[in-house]
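I have placed the structure first, in the form of structure tokens, so that the comments after it can refer back to it.
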2 protein chains.
Amino acid sequence: MSPPGRSRSPRGQGEQLREEILEAAQSLLMETASEDAVSIRAVADAVGVTPPSIYRHFADKDRLLLEVCRLSFERFTDVLEDAFREDHDPRRRIEGMGRAYVRYAVDNPEHYRIMFMARFELTTQEYAEEMVTDGSSFDLLLRTADELVTAGLVRPELADRGALTIGMLFWANVHGLASLLVAKPGLPWPDRDRLIDDLVTAATRGILLDPR
Amino acid sequence: MSPPGRSRSPRGQGEQLREEILEAAQSLLMETASEDAVSIRAVADAVGVTPPSIYRHFADKDRLLLEVCRLSFERFTDVLEDAFREDHDPRRRIEGMGRAYVRYAVDNPEHYRIMFMARFELTTQEYAEEMVTDGSSFDLLLRTADELVTAGLVRPELADRGALTIGMLFWANVHGLASLLVAKPGLPWPDRDRLIDDLVTAATRGILLDPR
DNA sequence: CTCGATAACGTAACGTCACTAACCATCGCG
DNA sequence: CGCGATGGTTAGTGACGTTACGTTATCGAG
């Protein structure tokens, strides 16, 4: 049982195994569509290595999953950034981002789960800092919310709440639909695409002034 | 180590232990505020019984947690039912239920997690039937949504979507805020109560016609 | 060209987990 | 009194995360 199918990395190239571990963890998460299947042991022999070797590169399992989570965030942010750039009108921009948001969640349910439903035994501090950094998806949201506020498109009752509140309201809307679709696929859902459209327009109508 | 602090139940009263197990599991979930802490072993010696005895009353751990989940749903439904009865005007009714919804989630984060974020290895069929039964919270939502539709309070572009879509839109709103508050307490949240109010009014403004 | 430090792994093992098989004691009924 | 169902037990299996420690190969200094 000794030949572990993998030869040892040269001196400075220990990082290479780290990347392979991350990729294997990600693949396992996607293919099995189950977080439980991503065990240290399963990841280890997907890479062709013994379990303790994982700990050479990650402090514990939560840190490994957190890195997978971070990668998911990067791809998620890329998708949102595309939607961000696609339209420069703030209203259509927030709507496009909302649609892209829910669609990403539906298309990558396991990634969405690990980003927004998983429980990590980390300080909230650590986690918040990870998310609210510049260029993050959260930052994109806040910038768009700020555009809406300064453009005077927000309903008067909400205008003095600040971009943070406006952004959170939009986020709550799309996250609500996204996470329900991911967590409760067995419910009697109506037509999905139309529901997404309806939710996004309802959100803008509830938060912003009527168009024109 | 043999005296397990608990005497055997008489003939027909095996159900009594079942109740104690459920209560212990619930208490463990609340006190430790961690789903991992609810292990079969921990529950067993909280009740004063050996682990295999649990399996006399529950097929496996998922079934036990599902029963805890069902109890959470009952209490959740009670809270929503109170809000339902408190106001008979459909608009104020849906708003009150929305506020009660988010508040319950904030006050009972672990219950909310297990209801809407936990992953059970059950068929979606089983789960859907459990939720969409008569008198459930989902039923309350649909009834209120139907009231709104038949009362002609829904915006014209959404009126022909049916009560199901209208209900889902409201649900997505409150669930979005609730689950974000539960899952990401470390974020720079604005004032919570005002945010809840803002979300609920934004939801009604987005879905319903303007009041008056 | 050697040689010790160190990077990059492996081996063995611990404690805990969910779960099962097999056994035993008690109760109620005939 | 016996006998089967009921409500537990003891003992054990395999998988899990994690740790302590051993092993090997490479790099740079002398």
Side-chain angles (χ1 to χ4, degrees), chain A residues 1-25 28-29 32 34-69 114 118-122, chain B residues 1-25 28-29 32 34-69 114 118-122:
Chain A
M1 284 59 174
S2 15
R6 184 195 155 80
S7 60
R8 186 207 193 95
S9 284
R11 193 57 175 253
Q13 312 296 341
E15 292 277 316
Q16 186 188 332
L17 178 56
R18 185 190 153 94
E19 302 303 317
E20 289 182 36
I21 292 172
L22 274 175
E23 192 145 347
L28 266 165
L29 190 66
T32 66
S34 155
E35 201 183 335
D36 303 346
V38 186
S39 65
I40 292 282
R41 294 170 135 89
V43 171
D45 72 64
V47 181
V49 132
T50 56
S53 298
I54 306 285
Y55 292 86
R56 189 81 35 190
H57 303 277
F58 301 93
D60 52 25
K61 192 187 178 183
D62 269 359
R63 303 299 172 136
L64 169 57
L65 289 183
L66 191 73
E67 286 301 295
V68 174
C69 182
I114 208 176
R119 101 173 307 139
F120 295 109
E121 306 295 342
L122 298 174
Chain B
M1 282 55 172
S2 15
R6 186 194 155 77
S7 58
R8 184 209 189 91
S9 285
R11 192 55 174 255
Q13 311 297 341
E15 291 276 318
Q16 187 186 333
L17 177 58
R18 186 190 153 94
E19 301 303 318
E20 289 182 37
I21 292 171
L22 275 175
E23 191 146 348
L28 265 165
L29 190 67
T32 65
S34 157
E35 200 183 333
D36 304 346
V38 185
S39 65
I40 292 281
R41 295 167 132 88
V43 171
D45 70 66
V47 181
V49 128
T50 56
S53 299
I54 307 286
Y55 293 88
R56 292 275 168 206
H57 304 276
F58 301 93
D60 53 25
K61 191 186 179 183
D62 269 358
R63 303 298 172 135
L64 170 57
L65 288 182
L66 191 73
E67 286 300 296
V68 173
C69 183
I114 208 176
R119 99 172 308 137
F120 294 109
E121 307 294 344
L122 298 174

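Throughout, protein chains are lettered first and strands after them, A, B, ... in sequence-line order, and every chain is numbered starting at 1.
For the pair A/Leu64 CG and D/dT18 P, the computed distance is 10 Å after rounding to whole Å. In this structure, CD1 of A/Ile40 is placed 21 Å from P of C/dA13, rounded to the nearest angstrom. Put simply, CG on B/Asp60 is 8 Å from P on C/dT20, counting in whole angstrom units. In this structure, A/Leu17 atom CG and C/dA8 atom C1' are separated by 9 Å, rounded to whole Å. Distance A/Asp36 CG to C/dC17 P: 16 Å, rounded to the nearest Å. Atom NZ in B/Lys61 sits roughly 15 Å away from atom P in C/dT16 (whole-Å rounding). Remark: P of D/dG7 and CZ of B/Phe58 are 13 Å apart, rounded to the nearest angstrom.
Considering only side-chain N and O atoms, B/Ser53 lies nowhere under 4.0 angstrom from the phosphate OP1 or OP2 of D/dG7.
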Please list, for nucleotides 12-15 of chain D, all pairs of protein and nucleotide N/O atoms separated by less than 3.5 Å.
none

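When heavy atoms are screened at a 4.0 angstrom cut-off, B/Pro51 is found touching no nucleic acid atom at all.
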For this session: Test A/Glu35 against A/Leu65 for side chain to side chain contact (heavy atoms under 4.5 Å, CB included), laying out the working first.
Result: CA-CA 10 Å; A/Glu35 201 183 335; A/Leu65 289 183; 3.8 Å; yes
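The side-chain contact (heavy atoms from CB on, under 4.5 Å) test with A/Val47 singles out one residue from A/Ile54, A/Leu17, A/Leu22, and that residue is A/Leu17.
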